[in-house]
Amino acid sequence: MKNTIIALATFFLLACGAFPAAQTASAGSVSVPIVEDTEPGAVPAKGKVDLKDSIAAASYFKTAMSWAEKGNLDLALTNMDKAAALNPAGAYIFYDRGKLWVQKGNMDKAIADFDKCIELKDGHANAYWRRGAAYSQKNLLGPAMADLNTAVELDPANSEFLRERAEVQVKEGNQAKALSDYNSAIKYNRNAEHLYYGRGKVWLALGKPDEAIADFDKSIAVNPNREKTFELRLAAANMKKEQEKALAAAPAPAIKPGPGQYGVHLYSFRQASQADQGYDRISKKYPALLKDIGHTANERISVQKRESITG
């Protein structure tokens, strides 16, 4: 009779979706679910958990996610800690707690949780991706690249894995490989504007303003609220004008922007953008960009130097 009641309770909980995903482990003569996450393509988690603890852990996990959605990360972590204590075999708990630690800015604790998740589910591609991103935040590019390579191997068509790896390659100064990953990411997800934004920055770094402008335009068409996209597009337009001037003035040496000086080119925003198709739209939406950006002595000196060069 006792076993029958437990079996019925287990069936009811499964039907109600009390467990994120379920595999079973023997508990006496009754099969009880092991709380599992639903990460596609991941191998089964290791370990067994008591039914009562599984139910309690799932409840704490649900509460934690609710607090996270409300922006209260401290209460979310408190409940996630309780869930982890009750279900130490729940890879999904460590995975989502790791994400919370990333939001809190604690990459060391995030990495530790992703470590545990991967220990429990070695094929957890998302855990490799997020751990790689956390390593990148710590500027540990070797481990970051290793994890992201693994994530891409597990899921080669995942545009976010490719994008994250491209960002690490940018940090390593390998713009060509970054461009290749962005091209692949866009092939798999042509509607993601942030991919065009990211690839536009790579084109800009490679000194390809036409390609950069084309990507920034695609990004702006979907998301006109990121001011940085407009700034970089203007930088690309200015770079194009400079390249054209350099060609016209040959054999005079080409004038190229220094690293990190794209913002300085906005000094000529009004002049350089008069003939640009995006001028009216940008000036109406971002009138602040029309103001003098030379707020520091160094910027003013840079502006003066460039004005003396370009006339």
Ile118 vs Tyr95, side chain to side chain contact (heavy atoms under 4.5 Å, CB included): CA-CA, chis, key distance, verdict: CA-CA 9 Å; Ile118 290 168; Tyr95 174 71; over 6 Å; no
Taking the six-membered ring of Tyr182 (Phe, Tyr or Trp), confirm whether the NZ or CZ of Arg163 is under 6.0 Å from its centre and within 45° of its axis. no
What I want to find out is whether Lys116 reaches Asp113 closely enough, with some N-O distance under 4.0 Å, to be called a salt bridge. no
Looking just at side-chain N and O atoms, do Tyr196 and Asn223 make a donor-acceptor pair shorter than 3.5 Å? no
Donor-acceptor contact below 3.5 Å, side chain Asn79 vs main chain Leu75: yes
Can you tell me if Thr63 uses its side chain to pair, donor with acceptor, with the backbone of Ser59 under 3.5 Å? yes
Straight-line distance of Lys218 NZ to Ile220 CD1, nearest 0.5 Å: 13.0 Å
Ring-face cation contact, Trp67 with Lys70, 6.0 Å cut, 45° max: yes
Rounding to 0.5 Å, atoms CG (Leu100) and CD (Gln103) come to a distance of 5.5 Å
Tell me if the centroids of the rings in Phe61 and Tyr92 come within less than 6.0 Å of each other. yes
Give a yes or no on whether a salt bridge exists between Asp74 and Lys104, defined as a side-chain N under 4.0 angstrom from a carboxylate O. yes
How far does NZ of Lys171 sit from CG of Leu141, to the nearest 0.5 angstrom? 6.5 Å
Hey, are the side chains of Asp122 and Tyr128 touching, using non-hydrogen atoms and a 4.5 Å cut-off? yes
Under a 4.0 Å N-O cut-off, is there an ion pair linking Asp147 with Arg130? no
Test Ser219 against every option in His194, Lys228, Arg226, Arg233 by the side-chain hydrogen bond (donor to acceptor under 3.5 Å, both in side chains) rule and name the one that passes. Arg226
